[in-house]
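The chains referred to below are lettered A, B, ... by the order of the sequence lines, with proteins before strands, and numbering in each begins at 1.
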2 protein chains.
Amino acid sequence: MATTESGGRAETGFTVSRPARADARRNFDALLDAAREVFAAEGAGASLEGIARRAGVNIATLYRNFPTRQHLFEAVYLDEVEALARMAADLDSLEPWDALESWLRQFVSYATTKKALYDAIAHRAEMFVTGREMIHAAGRPLLERAQSAGRARADVSFDDVLFLVNGVSGANFVQEAQQDRVLAMALDGIKARK
Amino acid sequence: MATTESGGRAETGFTVSRPARADARRNFDALLDAAREVFAAEGAGASLEGIARRAGVNIATLYRNFPTRQHLFEAVYLDEVEALARMAADLDSLEPWDALESWLRQFVSYATTKKALYDAIAHRAEMFVTGREMIHAAGRPLLERAQSAGRARADVSFDDVLFLVNGVSGANFVQEAQQDRVLAMALDGIKARK
DNA sequence: CGAGAAACGAAGGGGGTCCTGCGCTAAAGT
DNA sequence: ACTTTAGCGCAGGACCCCCTTCGTTTCTCG
(Lines give C-alpha, C1' and ligand atoms only; values in the text may rest on other atoms or scores of the structure.)
Protein backbone atom coordinates (compact mmCIF):
# COMPACT_ATOMS: atom_id res chain seq x y z
CA MET A 1 0.00 0.00 0.00
CA ALA A 2 2.70 2.49 0.90
CA THR A 3 4.51 3.82 -2.12
CA THR A 4 7.18 1.25 -2.82
CA GLU A 5 9.10 2.42 0.22
CA SER A 6 12.12 3.87 -1.44
CA GLY A 7 14.70 5.21 0.93
CA GLY A 8 14.00 8.74 -0.18
CA ARG A 9 12.52 10.14 -3.34
CA ALA A 10 14.46 11.61 -6.19
CA GLU A 11 16.23 14.90 -5.67
CA THR A 12 14.51 17.45 -7.82
CA GLY A 13 14.98 20.25 -5.41
CA PHE A 14 11.22 20.62 -5.41
CA THR A 15 9.72 17.46 -4.07
CA VAL A 16 9.40 17.46 -0.32
CA SER A 17 11.45 14.89 1.52
CA ARG A 18 9.89 12.06 3.41
CA PRO A 19 9.47 13.02 7.07
CA ALA A 20 11.43 11.36 9.83
CA ARG A 21 8.81 10.72 12.49
CA ALA A 22 6.82 7.52 12.23
CA ASP A 23 3.31 8.96 12.23
CA ALA A 24 4.32 11.69 9.84
CA ARG A 25 5.83 9.20 7.43
CA ARG A 26 2.68 7.09 7.59
CA ASN A 27 0.49 10.03 6.67
CA PHE A 28 2.89 11.19 4.00
CA ASP A 29 2.68 7.85 2.25
CA ALA A 30 -1.08 7.59 2.66
CA LEU A 31 -1.43 11.00 1.08
CA LEU A 32 0.80 10.08 -1.82
CA ASP A 33 -1.22 6.94 -2.48
CA ALA A 34 -4.53 8.74 -2.23
CA ALA A 35 -3.30 11.51 -4.47
CA ARG A 36 -2.14 9.00 -7.06
CA GLU A 37 -5.59 7.45 -7.22
CA VAL A 38 -7.59 10.64 -7.17
CA PHE A 39 -5.42 12.48 -9.68
CA ALA A 40 -5.64 9.46 -11.93
CA ALA A 41 -9.40 9.45 -11.82
CA GLU A 42 -10.21 13.13 -11.82
CA GLY A 43 -7.25 14.83 -13.40
CA ALA A 44 -4.87 17.47 -12.17
CA GLY A 45 -7.60 19.72 -10.83
CA ALA A 46 -8.96 17.23 -8.33
CA SER A 47 -10.03 18.38 -4.88
CA LEU A 48 -7.25 18.40 -2.34
CA GLU A 49 -9.78 18.01 0.42
CA GLY A 50 -11.01 14.89 -1.30
CA ILE A 51 -7.49 13.51 -1.40
CA ALA A 52 -6.98 14.19 2.28
CA ARG A 53 -10.30 12.51 3.07
CA ARG A 54 -9.39 9.45 1.07
CA ALA A 55 -6.07 9.26 2.86
CA GLY A 56 -7.92 9.33 6.18
CA VAL A 57 -6.03 12.43 7.16
CA ASN A 58 -6.92 16.02 7.90
CA ILE A 59 -6.55 18.60 5.19
CA ALA A 60 -4.09 20.46 7.38
CA THR A 61 -1.78 17.48 7.26
CA LEU A 62 -1.86 17.52 3.52
CA TYR A 63 -0.84 21.16 3.45
CA ARG A 64 1.89 20.55 5.97
CA ASN A 65 3.45 17.93 3.72
CA PHE A 66 2.74 19.52 0.37
CA PRO A 67 2.51 23.30 0.61
CA THR A 68 1.06 23.63 -2.87
CA ARG A 69 -0.85 21.49 -5.31
CA GLN A 70 2.26 21.45 -7.47
CA HIS A 71 4.36 19.89 -4.77
CA LEU A 72 1.89 17.08 -4.37
CA PHE A 73 1.49 16.61 -8.07
CA GLU A 74 5.16 16.36 -8.74
CA ALA A 75 5.72 14.10 -5.79
CA VAL A 76 3.16 11.73 -7.25
CA TYR A 77 4.15 11.79 -10.87
CA LEU A 78 7.88 11.93 -10.74
CA ASP A 79 7.98 8.20 -10.17
CA GLU A 80 5.87 7.50 -13.22
CA VAL A 81 7.81 9.86 -15.38
CA GLU A 82 11.05 8.38 -14.21
CA ALA A 83 9.80 4.96 -15.16
CA LEU A 84 8.95 6.23 -18.61
CA ALA A 85 12.39 7.75 -18.90
CA ARG A 86 14.17 4.65 -17.68
CA MET A 87 12.26 2.55 -20.14
CA ALA A 88 13.57 4.57 -23.02
CA ALA A 89 17.07 3.47 -22.12
CA ASP A 90 16.17 -0.23 -22.42
CA LEU A 91 14.98 0.32 -25.96
CA ASP A 92 18.34 0.99 -27.54
CA SER A 93 18.68 -2.56 -28.73
CA LEU A 94 15.53 -2.43 -30.81
CA GLU A 95 15.25 -1.37 -34.39
CA PRO A 96 14.71 2.45 -34.52
CA TRP A 97 11.05 2.47 -35.40
CA ASP A 98 10.17 -0.37 -33.08
CA ALA A 99 11.87 1.42 -30.24
CA LEU A 100 9.90 4.58 -30.84
CA GLU A 101 6.64 2.74 -31.29
CA SER A 102 6.93 0.71 -28.18
CA TRP A 103 7.88 3.70 -26.11
CA LEU A 104 4.90 5.64 -27.43
CA ARG A 105 2.64 2.72 -26.66
CA GLN A 106 3.89 2.66 -23.13
CA PHE A 107 3.36 6.34 -22.95
CA VAL A 108 -0.28 6.01 -23.88
CA SER A 109 -0.94 3.21 -21.50
CA TYR A 110 0.50 5.36 -18.76
CA ALA A 111 -1.40 8.44 -19.67
CA THR A 112 -4.80 6.82 -20.05
CA THR A 113 -4.84 5.49 -16.53
CA LYS A 114 -3.52 8.77 -15.28
CA LYS A 115 -5.71 11.55 -16.50
CA ALA A 116 -3.51 14.04 -14.70
CA LEU A 117 -0.56 13.20 -16.91
CA TYR A 118 -2.72 13.85 -19.92
CA ASP A 119 -3.88 17.15 -18.48
CA ALA A 120 -0.37 18.22 -17.72
CA ILE A 121 0.73 17.72 -21.28
CA ALA A 122 -2.39 18.88 -23.03
CA HIS A 123 -2.51 22.12 -21.09
CA ARG A 124 1.21 22.75 -20.95
CA ALA A 125 0.93 23.06 -17.20
CA GLU A 126 3.86 24.93 -15.75
CA MET A 127 3.42 22.68 -12.79
CA PHE A 128 4.96 20.02 -14.91
CA VAL A 129 8.19 21.52 -16.13
CA THR A 130 10.42 18.96 -14.50
CA GLY A 131 8.39 16.04 -15.76
CA ARG A 132 8.12 17.53 -19.20
CA GLU A 133 11.85 17.87 -19.47
CA MET A 134 12.37 14.30 -18.40
CA ILE A 135 9.90 13.03 -20.94
CA HIS A 136 11.53 15.02 -23.65
CA ALA A 137 14.97 13.88 -22.68
CA ALA A 138 13.76 10.30 -22.83
CA GLY A 139 11.65 10.35 -25.95
CA ARG A 140 13.26 12.82 -28.28
CA PRO A 141 16.32 10.70 -28.99
CA LEU A 142 14.04 7.84 -29.94
CA LEU A 143 12.22 9.98 -32.45
CA GLU A 144 15.42 11.39 -33.85
CA ARG A 145 16.90 7.96 -34.28
CA ALA A 146 13.81 6.81 -36.16
CA GLN A 147 13.95 9.91 -38.30
CA SER A 148 17.60 9.41 -39.15
CA ALA A 149 16.81 5.88 -40.18
CA GLY A 150 14.10 7.19 -42.45
CA ARG A 151 11.39 5.37 -40.54
CA ALA A 152 9.64 8.37 -39.00
CA ARG A 153 8.60 11.39 -40.98
CA ALA A 154 11.19 14.09 -40.77
CA ASP A 155 8.96 17.14 -40.79
CA VAL A 156 7.70 16.91 -37.22
CA SER A 157 9.13 17.67 -33.83
CA PHE A 158 9.02 15.52 -30.75
CA ASP A 159 6.45 17.87 -29.31
CA ASP A 160 4.20 17.27 -32.29
CA VAL A 161 4.41 13.55 -31.84
CA LEU A 162 3.76 13.83 -28.15
CA PHE A 163 0.66 15.90 -28.70
CA LEU A 164 -0.72 13.53 -31.27
CA VAL A 165 -0.17 10.47 -29.17
CA ASN A 166 -1.34 12.18 -26.04
CA GLY A 167 -4.53 13.12 -27.85
CA VAL A 168 -5.28 9.45 -28.10
CA SER A 169 -5.28 9.20 -24.33
CA GLY A 170 -7.75 12.01 -23.89
CA ALA A 171 -10.91 10.25 -24.95
CA ASN A 172 -12.34 7.66 -22.65
CA PHE A 173 -12.73 4.64 -24.80
CA VAL A 174 -15.35 2.08 -24.03
CA GLN A 175 -13.47 -0.83 -25.49
CA GLU A 176 -9.78 -1.40 -25.29
CA ALA A 177 -9.82 -2.47 -28.91
CA GLN A 178 -10.93 0.93 -30.04
CA GLN A 179 -8.02 2.58 -28.35
CA ASP A 180 -5.72 0.16 -30.14
CA ARG A 181 -7.20 1.04 -33.49
CA VAL A 182 -6.95 4.76 -32.87
CA LEU A 183 -3.40 4.47 -31.64
CA ALA A 184 -2.54 2.42 -34.70
CA MET A 185 -3.75 5.24 -36.90
CA ALA A 186 -1.72 7.76 -34.98
CA LEU A 187 1.40 5.66 -35.24
CA ASP A 188 0.89 5.24 -38.96
CA GLY A 189 0.70 8.98 -39.21
CA ILE A 190 4.06 9.29 -37.53
CA LYS A 191 5.72 6.73 -39.77
CA ALA A 192 7.54 7.90 -42.85
CA ARG A 193 5.54 7.37 -46.02
CA LYS A 194 7.19 5.04 -48.45
CA MET B 1 -25.43 40.33 -30.92
CA ALA B 2 -28.59 38.31 -30.60
CA THR B 3 -28.23 34.83 -31.99
CA THR B 4 -28.90 35.22 -35.70
CA GLU B 5 -32.58 35.74 -34.98
CA SER B 6 -33.96 32.64 -36.55
CA GLY B 7 -37.70 32.31 -36.44
CA GLY B 8 -37.43 29.46 -33.99
CA ARG B 9 -34.72 26.98 -33.34
CA ALA B 10 -34.56 23.46 -34.60
CA GLU B 11 -37.08 21.01 -33.24
CA THR B 12 -35.20 18.44 -31.27
CA GLY B 13 -37.88 17.95 -28.71
CA PHE B 14 -35.31 18.91 -26.10
CA THR B 15 -34.25 22.44 -26.78
CA VAL B 16 -36.45 24.97 -25.10
CA SER B 17 -38.45 27.18 -27.39
CA ARG B 18 -37.82 30.88 -27.64
CA PRO B 19 -40.17 32.77 -25.32
CA ALA B 20 -42.93 35.02 -26.62
CA ARG B 21 -42.61 38.10 -24.45
CA ALA B 22 -40.13 40.76 -25.53
CA ASP B 23 -38.07 41.01 -22.35
CA ALA B 24 -37.97 37.27 -22.01
CA ARG B 25 -36.79 36.84 -25.54
CA ARG B 26 -34.10 39.44 -25.01
CA ASN B 27 -32.75 37.61 -22.00
CA PHE B 28 -33.01 34.26 -23.70
CA ASP B 29 -30.81 35.46 -26.53
CA ALA B 30 -28.34 37.18 -24.23
CA LEU B 31 -28.01 33.96 -22.28
CA LEU B 32 -27.41 31.95 -25.40
CA ASP B 33 -24.69 34.32 -26.56
CA ALA B 34 -23.00 34.40 -23.18
CA ALA B 35 -23.18 30.63 -22.92
CA ARG B 36 -21.61 30.26 -26.33
CA GLU B 37 -18.64 32.37 -25.32
CA VAL B 38 -18.15 30.92 -21.88
CA PHE B 39 -18.56 27.29 -22.92
CA ALA B 40 -16.11 27.92 -25.73
CA ALA B 41 -13.51 29.28 -23.38
CA GLU B 42 -13.94 27.06 -20.35
CA GLY B 43 -15.50 23.89 -21.62
CA ALA B 44 -18.70 22.09 -20.81
CA GLY B 45 -18.25 22.36 -17.07
CA ALA B 46 -18.24 26.15 -16.95
CA SER B 47 -20.03 27.98 -14.17
CA LEU B 48 -23.66 28.69 -14.91
CA GLU B 49 -23.59 31.63 -12.56
CA GLY B 50 -20.74 33.04 -14.59
CA ILE B 51 -22.77 32.70 -17.76
CA ALA B 52 -25.72 34.48 -16.21
CA ARG B 53 -23.45 37.24 -14.98
CA ARG B 54 -21.94 37.71 -18.39
CA ALA B 55 -25.39 37.87 -19.91
CA GLY B 56 -26.29 40.62 -17.43
CA VAL B 57 -29.11 38.50 -16.11
CA ASN B 58 -29.94 36.88 -12.83
CA ILE B 59 -29.13 33.24 -12.32
CA ALA B 60 -32.81 32.57 -11.73
CA THR B 61 -33.55 33.71 -15.25
CA LEU B 62 -31.06 31.28 -16.60
CA TYR B 63 -32.73 28.43 -14.78
CA ARG B 64 -36.14 29.55 -15.92
CA ASN B 65 -35.05 29.31 -19.55
CA PHE B 66 -32.79 26.30 -19.29
CA PRO B 67 -33.81 23.99 -16.46
CA THR B 68 -30.61 21.99 -16.70
CA ARG B 69 -27.09 22.51 -17.92
CA GLN B 70 -27.86 20.07 -20.73
CA HIS B 71 -30.70 22.17 -22.06
CA LEU B 72 -28.44 25.17 -22.29
CA PHE B 73 -25.62 23.22 -23.79
CA GLU B 74 -27.70 21.70 -26.52
CA ALA B 75 -29.39 24.99 -27.27
CA VAL B 76 -25.95 26.50 -27.84
CA TYR B 77 -24.29 23.76 -29.81
CA LEU B 78 -27.04 22.56 -32.01
CA ASP B 79 -26.37 25.42 -34.38
CA GLU B 80 -22.72 24.61 -34.67
CA VAL B 81 -23.35 20.96 -35.15
CA GLU B 82 -25.93 21.69 -37.77
CA ALA B 83 -23.41 23.80 -39.62
CA LEU B 84 -20.97 20.93 -39.55
CA ALA B 85 -23.65 18.61 -40.83
CA ARG B 86 -24.74 20.96 -43.59
CA MET B 87 -21.18 21.35 -44.73
CA ALA B 88 -20.86 17.64 -45.31
CA ALA B 89 -23.55 17.90 -47.95
CA ASP B 90 -21.59 20.46 -49.96
CA LEU B 91 -18.66 18.12 -50.19
CA ASP B 92 -20.22 15.54 -52.47
CA SER B 93 -18.62 17.04 -55.53
CA LEU B 94 -15.10 16.54 -54.21
CA GLU B 95 -12.94 13.52 -54.69
CA PRO B 96 -13.65 11.03 -51.85
CA TRP B 97 -10.50 11.59 -49.83
CA ASP B 98 -10.51 15.34 -50.29
CA ALA B 99 -14.08 15.50 -49.11
CA LEU B 100 -13.27 13.59 -45.94
CA GLU B 101 -10.13 15.56 -45.28
CA SER B 102 -11.69 18.93 -45.68
CA TRP B 103 -14.60 17.96 -43.47
CA LEU B 104 -12.25 16.74 -40.77
CA ARG B 105 -10.25 19.93 -41.01
CA GLN B 106 -13.37 21.95 -40.51
CA PHE B 107 -14.24 19.73 -37.62
CA VAL B 108 -10.98 20.48 -35.89
CA SER B 109 -11.19 24.17 -36.45
CA TYR B 110 -14.61 24.08 -34.88
CA ALA B 111 -13.62 22.02 -31.92
CA THR B 112 -10.50 23.98 -31.04
CA THR B 113 -12.34 27.23 -30.62
CA LYS B 114 -15.08 25.46 -28.73
CA LYS B 115 -13.60 23.48 -25.94
CA ALA B 116 -17.05 22.27 -24.97
CA LEU B 117 -17.45 20.42 -28.25
CA TYR B 118 -14.19 18.70 -27.58
CA ASP B 119 -15.27 17.78 -24.08
CA ALA B 120 -18.57 16.46 -25.26
CA ILE B 121 -16.91 14.07 -27.68
CA ALA B 122 -13.93 13.11 -25.59
CA HIS B 123 -16.06 12.24 -22.59
CA ARG B 124 -18.97 10.74 -24.48
CA ALA B 125 -21.26 13.10 -22.64
CA GLU B 126 -24.82 11.82 -22.66
CA MET B 127 -25.73 15.45 -22.75
CA PHE B 128 -24.68 15.32 -26.32
CA VAL B 129 -26.63 12.47 -27.82
CA THR B 130 -28.49 14.55 -30.36
CA GLY B 131 -25.39 16.36 -31.54
CA ARG B 132 -23.43 13.18 -31.66
CA GLU B 133 -25.97 11.58 -33.93
CA MET B 134 -25.96 14.54 -36.25
CA ILE B 135 -22.21 14.50 -36.50
CA HIS B 136 -22.22 10.82 -37.23
CA ALA B 137 -24.91 11.16 -39.83
CA ALA B 138 -22.87 13.87 -41.52
CA GLY B 139 -19.40 12.42 -41.33
CA ARG B 140 -19.79 8.68 -41.58
CA PRO B 141 -20.84 8.68 -45.23
CA LEU B 142 -17.74 10.70 -46.06
CA LEU B 143 -15.53 8.14 -44.41
CA GLU B 144 -17.32 5.26 -46.02
CA ARG B 145 -17.02 6.80 -49.43
CA ALA B 146 -13.29 7.29 -48.96
CA GLN B 147 -12.98 3.73 -47.74
CA SER B 148 -14.85 2.34 -50.73
CA ALA B 149 -12.55 4.29 -53.00
CA GLY B 150 -9.59 2.72 -51.24
CA ARG B 151 -8.34 6.05 -50.03
CA ALA B 152 -9.02 5.63 -46.32
CA ARG B 153 -7.95 2.60 -44.35
CA ALA B 154 -10.75 0.12 -44.11
CA ASP B 155 -10.10 -1.21 -40.64
CA VAL B 156 -11.42 1.71 -38.66
CA SER B 157 -14.84 3.03 -37.78
CA PHE B 158 -16.06 6.57 -38.00
CA ASP B 159 -15.90 6.76 -34.24
CA ASP B 160 -12.24 5.88 -34.34
CA VAL B 161 -11.51 8.62 -36.81
CA LEU B 162 -13.51 11.12 -34.82
CA PHE B 163 -11.60 10.33 -31.65
CA LEU B 164 -8.26 10.63 -33.34
CA VAL B 165 -9.05 13.93 -34.97
CA ASN B 166 -10.75 15.25 -31.89
CA GLY B 167 -7.64 14.41 -29.93
CA VAL B 168 -5.80 16.94 -32.02
CA SER B 169 -8.13 19.64 -30.78
CA GLY B 170 -7.53 18.85 -27.15
CA ALA B 171 -4.08 20.29 -26.67
CA ASN B 172 -3.72 24.02 -26.66
CA PHE B 173 -1.13 24.69 -29.25
CA VAL B 174 1.03 27.74 -28.99
CA GLN B 175 1.53 28.13 -32.71
CA GLU B 176 -1.02 27.47 -35.38
CA ALA B 177 1.66 25.79 -37.43
CA GLN B 178 2.08 23.09 -34.85
CA GLN B 179 -1.56 22.21 -34.95
CA ASP B 180 -1.29 21.90 -38.72
CA ARG B 181 1.62 19.51 -38.46
CA VAL B 182 -0.12 17.37 -35.88
CA LEU B 183 -3.31 17.28 -37.87
CA ALA B 184 -1.34 16.34 -40.95
CA MET B 185 0.05 13.33 -39.12
CA ALA B 186 -3.39 12.31 -37.99
CA LEU B 187 -4.78 12.56 -41.49
CA ASP B 188 -1.91 10.51 -42.84
CA GLY B 189 -2.77 7.87 -40.29
CA ILE B 190 -6.31 7.75 -41.59
CA LYS B 191 -5.26 7.44 -45.22
CA ALA B 192 -4.95 4.03 -46.73
CA ARG B 193 -1.35 2.86 -47.02
CA LYS B 194 -0.29 2.30 -50.58
C1' DC C 1 9.88 7.17 32.11
C1' DG C 2 9.28 11.72 31.53
C1' DA C 3 10.18 16.19 29.25
C1' DG C 4 10.14 18.76 24.90
C1' DA C 5 9.31 19.00 20.29
C1' DA C 6 6.93 17.62 16.29
C1' DA C 7 2.85 16.49 14.13
C1' DC C 8 -2.00 16.11 14.49
C1' DG C 9 -7.14 17.32 13.87
C1' DA C 10 -11.03 20.44 14.79
C1' DA C 11 -12.85 24.41 13.43
C1' DG C 12 -13.61 28.51 10.97
C1' DG C 13 -13.11 32.51 7.56
C1' DG C 14 -13.60 33.65 2.84
C1' DG C 15 -15.14 32.44 -1.53
C1' DG C 16 -17.66 29.99 -5.09
C1' DT C 17 -21.42 27.18 -7.08
C1' DC C 18 -26.08 25.27 -7.60
C1' DC C 19 -30.76 25.94 -7.10
C1' DT C 20 -35.35 27.85 -5.07
C1' DG C 21 -39.14 30.83 -2.91
C1' DC C 22 -41.14 35.09 -3.06
C1' DG C 23 -42.66 39.79 -3.56
C1' DC C 24 -42.35 43.19 -7.22
C1' DT C 25 -42.07 45.20 -12.12
C1' DA C 26 -43.27 45.83 -16.50
C1' DA C 27 -45.20 43.79 -20.81
C1' DA C 28 -49.65 42.16 -23.19
C1' DG C 29 -54.09 42.38 -24.30
C1' DT C 30 -58.62 44.48 -23.90
C1' DA D 1 -55.57 53.41 -19.58
C1' DC D 2 -55.96 49.60 -16.76
C1' DT D 3 -55.88 44.83 -15.34
C1' DT D 4 -53.77 40.62 -15.55
C1' DT D 5 -50.06 37.74 -15.34
C1' DA D 6 -45.59 36.36 -17.17
C1' DG D 7 -41.26 37.18 -16.13
C1' DC D 8 -37.84 39.44 -13.23
C1' DG D 9 -34.17 39.99 -9.53
C1' DC D 10 -33.17 39.57 -4.60
C1' DA D 11 -31.72 37.06 -1.16
C1' DG D 12 -30.63 33.00 1.06
C1' DG D 13 -30.04 27.83 2.11
C1' DA D 14 -27.18 23.96 1.29
C1' DC D 15 -23.30 22.53 -0.23
C1' DC D 16 -18.03 22.27 -1.47
C1' DC D 17 -13.41 24.00 -1.78
C1' DC D 18 -9.04 26.41 -0.41
C1' DC D 19 -6.23 27.53 3.22
C1' DT D 20 -4.85 28.95 8.22
C1' DT D 21 -4.85 29.14 13.25
C1' DC D 22 -4.51 26.96 17.55
C1' DG D 23 -4.98 23.87 21.37
C1' DT D 24 -4.13 18.86 21.91
C1' DT D 25 -2.08 14.39 21.12
C1' DT D 26 1.74 11.46 20.31
C1' DC D 27 6.24 10.25 19.10
C1' DT D 28 11.24 10.41 20.26
C1' DC D 29 15.21 10.73 22.82
C1' DG D 30 17.76 11.58 26.89
Side-chain angles (χ1 to χ4, degrees), chain A residues 2-3 5 8 15-35 37-39 41-76 115-116 119 125-127, chain B residues 2-3 5 8 15-35 37-39 41-76 115-116 119 125-127:
Chain A
T3 114
E5 303 290 348
T15 314
V16 212
S17 52
R18 204 139 160 277
R21 230 175 86 168
D23 52 350
R25 204 159 43 225
R26 209 162 33 234
N27 287 347
F28 181 90
D29 290 341
L31 278 168
L32 231 39
D33 288 343
E37 293 168 27
V38 175
F39 277 147
E42 300 176 25
S47 151
L48 297 185
E49 232 147 44
I51 291 174
R53 255 195 313 275
R54 185 189 200 94
V57 147
N58 191 275
I59 180 69
T61 298
L62 185 153
Y63 277 99
R64 240 185 318 272
N65 280 289
F66 308 98
T68 74
R69 176 179 232 95
Q70 283 82 338
H71 281 82
L72 180 53
F73 189 90
E74 294 225 355
V76 165
K115 188 164 179 310
D119 286 355
E126 322 81 33
M127 129 175 23
Chain B
T3 115
E5 301 292 347
T15 314
V16 212
S17 51
R18 206 139 159 278
R21 230 175 87 166
D23 53 350
R25 204 160 41 227
R26 209 161 34 233
N27 288 344
F28 180 90
D29 290 341
L31 278 168
L32 230 39
D33 288 342
E37 293 168 27
V38 174
F39 277 149
E42 302 176 23
S47 150
L48 297 185
E49 234 148 48
I51 291 174
R53 254 194 316 274
R54 184 188 201 94
V57 148
N58 192 273
I59 180 70
T61 299
L62 185 154
Y63 278 100
R64 222 168 283 124
N65 280 290
F66 308 97
T68 74
R69 174 179 232 97
Q70 282 82 340
H71 281 82
L72 180 54
F73 188 90
E74 294 225 353
V76 164
K115 188 164 178 314
D119 287 354
E126 321 79 33
M127 126 174 27

Begin with the C-alpha distance, continue with both residues' side-chain angles, and end with the deciding distance and a verdict on side-chain contact (heavy atoms from CB on, under 4.5 Å) for F66(B) and L48(B).
CA-CA 10 Å; F66(B) 308 97; L48(B) 297 185; over 6 Å; no
Whole-Å gap separating C1' (dC8(D)) and CZ (R53(B))
18 Å
D23(A) and salt bridge (Lys or Arg N to Asp or Glu O under 4.0 Å): which single residue from R21(A), R25(A), R26(A) fits?
R21(A)
Base of dA6(D), side chain of R21(B) - is there a donor-acceptor contact under 3.5 Å?
yes
Minimum heavy-atom distance S17(A)-F28(A), with the two atoms named
O-CE1, 4.3 Å
Output yes when at least one side-chain N/O atom of S47(B) is less than 4.0 Å from OP1 or OP2 of dC18(C), else no.
yes
Short side-chain N/O contact from N27(A) to OP1 or OP2 of dC8(C), under 4.0 Å:
yes
With a 3.5 Å cut-off and heavy atoms only, can you find an N or O donor on one side and an acceptor on the other between the side chain of R64(B) and the base of dG9(D)?
yes
Just the rounded figure in Å: distance from P of dC18(C) to CZ of F66(B).
15 Å
Under the criterion salt bridge (Lys or Arg N to Asp or Glu O under 4.0 Å), which of R54(A), K115(A), R53(A) is the partner of E37(A)?
R54(A)
note: L72(B), atom CG; dC18(C), atom P; distance rounded to Å ~ 11 Å
Between dA7(C) atom C1' and L62(A) atom CG, what is the distance in whole Å?
14 Å
Side-chain N or O of R25(A) versus OP1/OP2 of dA6(C): is the shortest distance under 4.0 Å?
no
L31(A) CG - dG9(C) C1' separation (whole Å):
13 Å
Using a cut-off of strictly less than 4.0 Å, decide whether T61(B) has a side-chain nitrogen or oxygen near OP1 or OP2 of dG7(D).
no
Want to settle it: does I59(A) or R26(A) sit nearer the 5' end of DNA chain D, counting the closest nucleotide to each?
I59(A)
Please find the pair of heavy atoms, one from A35(A) and one from V76(A), that lie closest to each other, and give the distance.
CB-CG2, 3.6 Å
How do A20(B) and Y63(B) order along DNA chain C: which one's closest nucleotide is nearer the 5' end?
Y63(B)
Quick one: the side chain of D23(B) and the base of dA26(C), do they pair up donor-acceptor inside 3.5 Å?
no
Compare side-chain N and O positions of R69(B) against OP1 and OP2 of dC19(C) and report whether any pair is under 4.0 Å apart.
no
Please tell me which of the listed nucleotides, dT20(C), dG9(C), dC18(D), lies nearest to the side chain of V57(A)?
dG9(C)
With sugar-phosphate meaning primed atoms plus P, OP1 and OP2, does A60(B) contact a base, only sugar-phosphate, or nothing at under 4.0 Å between heavy atoms?
base
Need to verify one output field. Residue with the more 5' nearest nucleotide on DNA chain C, N58(B) or E49(A)?
E49(A)
